[in-house]
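Just so it is clear, the model here is predicted, and its values are computed rather than measured. We name chains A, B, ... by the order of the sequence lines, and we start the count at 1 in each one.
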Amino acid sequence: MDLSLMNKEQRKAIETTEGPLLLVAGAGSGKTRVLTHRIAYLLGEKGVPSYNILAITFTNKAAGEMLSRVNSLIEEDAGHMWISTFHSMCVRILRRDINHLGYDNSFSILDPTDQQSVVKGILKKRNLDVKQHHPRKILNFISDKKNQLITAEEASKEAEGYLDGLYSEIYTDYQEILYRNSSLDFDDLIMLTIDLFDRNPDVLKYYQNRFQYVHVDEYQDTNHAQYQLVNMLTAKYRNICVVGDSDQSIYKFRGADITNILNFEDDYPEAVTIKLEQNYRSTKTILDAANAVINNNSERKPKELRTERDGGAKIKTILADSERAEGQEVVRNIRDLSRKYAYSDIAVLYRANSQSRAIEDALVKSSIPYKMIGGMKFYQRMEIKDLMSYLKVIQNPHDDISFTRIINTPKRGIGAKTVDKLTAYGGIHGISIFEAINDADFIGIPKGAVTTLMSLLDKLKNLKEKSKYMSVTELVDETLYDTGYLDALEKENTLESRSRIENLDEFKTVTREFDNEREINDELLFEFLSEMALVSDQDGVEANAGVTLMTMHASKGLEFKVVFIVGLEEGIFPSQRVMYDDDELEEERRLMYVGITRAEDQLILSRADSRMIYGKYESNLQSRFLQEIPDELIDGEVIDINTPFSRPKQQAKSTVRQKSRVMTNNSGVSFKVGDKVTHKKFGDGIISNIKGDGDSKELDIVFTSEGPKRLLANFAPIEKKE
DNA sequence: TCGGTTATCATTTTT
DNA sequence: TGATAACCGA
């Protein structure tokens, strides 16, 4: 194999095939290239059989890309190699052997919406207020526990305090419901695989012997459960190669544990560590900015990216009046750039999906093609979820979660009362709703409803038969037709219903693609559903024309010639919630680092003086991350603000400034962001933000001794200093 | 049971 | 502001 184009470190990484290897791979350092070549080297030069190789990536897209790149490097067939995400790997393992744990092998996989409805159901049953106990919070709790490999039983035992105890009980209920529905959530996939290995050493041994060479990409984003799983798999041969960059760890909120990568050398004392610091992506200007920003993090191993692309265009900044103006300004710049670059070379990145609207609006008005990743996701649209629920019920009739979704969709006169009765009856007798319908006559369900239900049951049974010899696409057509779903939409004949029909058609391009790849067999539907449950939005990033809009999280692993980062304001990015927590702020800064390092040629940073949030205007100071970039890297006038909370210098655009200078009734004083104030109780502080107006006007004040507080401007006992 | 209206509440980030 | 849950009247 020709490794002459590799640098010294890369070559060493490829050739170090035995024993544990830690690859510290900075952004743009060609780690995918190294990984693919390493696998090809194992196959070609070392003669390792392809079935002995496992590579785990973060997204399906990354997996697909890696597979095709490996294939282009080697002659022989790499067909038996596993290159997949943690989750699809676990589905594959569990599908074979989960019956050892008492689950049905044809389990379904819950998506987040399904999880929510399960939790909501539990809350309702326990007469708990959804507003007091947010399902999302509870699901976070459950997910945290599962990532720590703590079972419901253990959680209940260890629980301290009321909330902990309650949530643990809900966790128990939740797990029971999932078990009864033979459903697993994302975290179960990992946790139960470990459980399977624990209880069945033979199964573990099989996979240990099979995967003698294990690779894990984005190792900094693994959580404890994933860490455990990898360690189990590699315990015998210890040929484990992990790749990661602690500076790009941005998923702590989801349980990612950065110490997994930081402690790798302790876990494997014989490990070889190789640092890839040569960047092949960005200009020096961009890298200097990235390095300058990330250097403000105290909790990091020193590392400095180098590039041979000297100089490059300076970083441009945009200061707009409002988020609307920001969108227009971004689009104006995109138009200018489009003389030199294709639209697909350009990306606009933001902190939160809600920021996309202003950009989208401006793009639509200029008829510039664009594609948005995330946001209102295709697979979360009602019609797609409905169809998926039908398919899930056809595949697994005991899936009550999906069945309750479609039992009255389209409307067929089955109301909440009927569903309640069926659920209650099913609960008592330990049977699913599907089975409970057979006894519908005896449980006080109106005759009309019984007839409808029986006919629905018939249709579903028929479809299940059909699923055994039909392609998924054909089955989708049959389902939409037989159940009257399509008919109902056609009758509605509104703009919306027509767009729903279009989306369903669009869905069929997905099924067609799936069908083309395989032969018809009676497991087809199951395979399809398993695969679908694990696709992410990132997987939808295609190389077709158009500007790409997405969050910085979604941008990890991608690169663009030109990158815009918008909304660089305190309270937006860094987000309000993390601004005063050092750890979280560092994670936020890493996110900025990820954003900056996506850019190859040109970086454009933008912010708005004031923007609409919850229907109110708010103005924020410029982001501290902007200030962390050295002035000499920035093109044009630099807005000089020395500390995050000092007062911005007057700009030429004074009309805008006025918006943030809100008058208050408080002794006739006007407060503005950056003002120093004294509070009777809290002492000295600085105003960091102003929200609302009139009586509900609020001041965010950071007090020297008390930290951040939010106070009502008209009523708080504060005085302006100086 | 259903459709329309009003009230209320919230924004990170996602395999 | 915009989504959605609760509510109400037919």
Quiz item: With respect to the phosphate group of B/dT15, does any side-chain polar atom (N or O) of A/N60 fall under 4.0 Å of OP1 or OP2?
Solution: no
Quiz item: Quick one: does A/H553 reach the base of B/dT14 with a side-chain donor-acceptor pair under 3.5 Å?
Solution: no
Practice problem: In plain terms, say whether A/D221 and A/R254 are close enough for a salt bridge, that is, a side-chain N and a carboxylate O under 4.0 Å apart. | Solution: no
Practice problem: Give the first and the last nucleotide of DNA chain C, reading 5' to 3', that has any atom under 4.0 Å from a heavy atom of chain A. | Solution: C/dT1 to C/dA5
Exercise. Output yes when A/R611 and A/E569 qualify as a salt bridge under the 4.0 Å nitrogen-oxygen rule, no when they do not.
Key: yes
Quiz item: Looking only at side chains, do A/Q115 and A/Y174 share a donor and an acceptor under 3.5 Å apart?
Solution: yes
Identify all side-chain donor-acceptor contacts of residues 137-144 of chain A below 3.5 Å with residues at least two apart in sequence or on another chain.
from	atom 1	to	atom 2	distance (Å)
A/S143	OG	A/D187	OD2	2.9

Quiz item: Looking for any heavy atom pair under 4.0 Å, which part of the strands does A/T551 touch: base, sugar-phosphate only, or nothing?
Solution: sugar-phosphate
Exercise. Can you figure out which of B/dT14, B/dT15, B/dT11 approaches the side chain of A/T59 most closely?
Key: B/dT15
Quiz item: Hey, does A/R611 reach any base, or is it just sugar-phosphate, or nothing, if we go heavy atoms under 4.0 Å?
Solution: nothing
Quiz item: How is A/K120 classified with respect to the nucleic acid when contacts are heavy atoms under 4.0 Å: base, sugar-phosphate, or nothing?
Solution: sugar-phosphate
Self-check item: Per-nucleotide protein contact string for nucleotides 1-10 of chain B (B base, S sugar-phosphate only, - none; heavy atom under 4.0 Å)
Solution: SSS-----SB
Practice problem: Identify the heavy atoms of A/I406 and A/S389 that sit nearest to each other, and give their distance. | Solution: CG2-CB, 3.6 Å
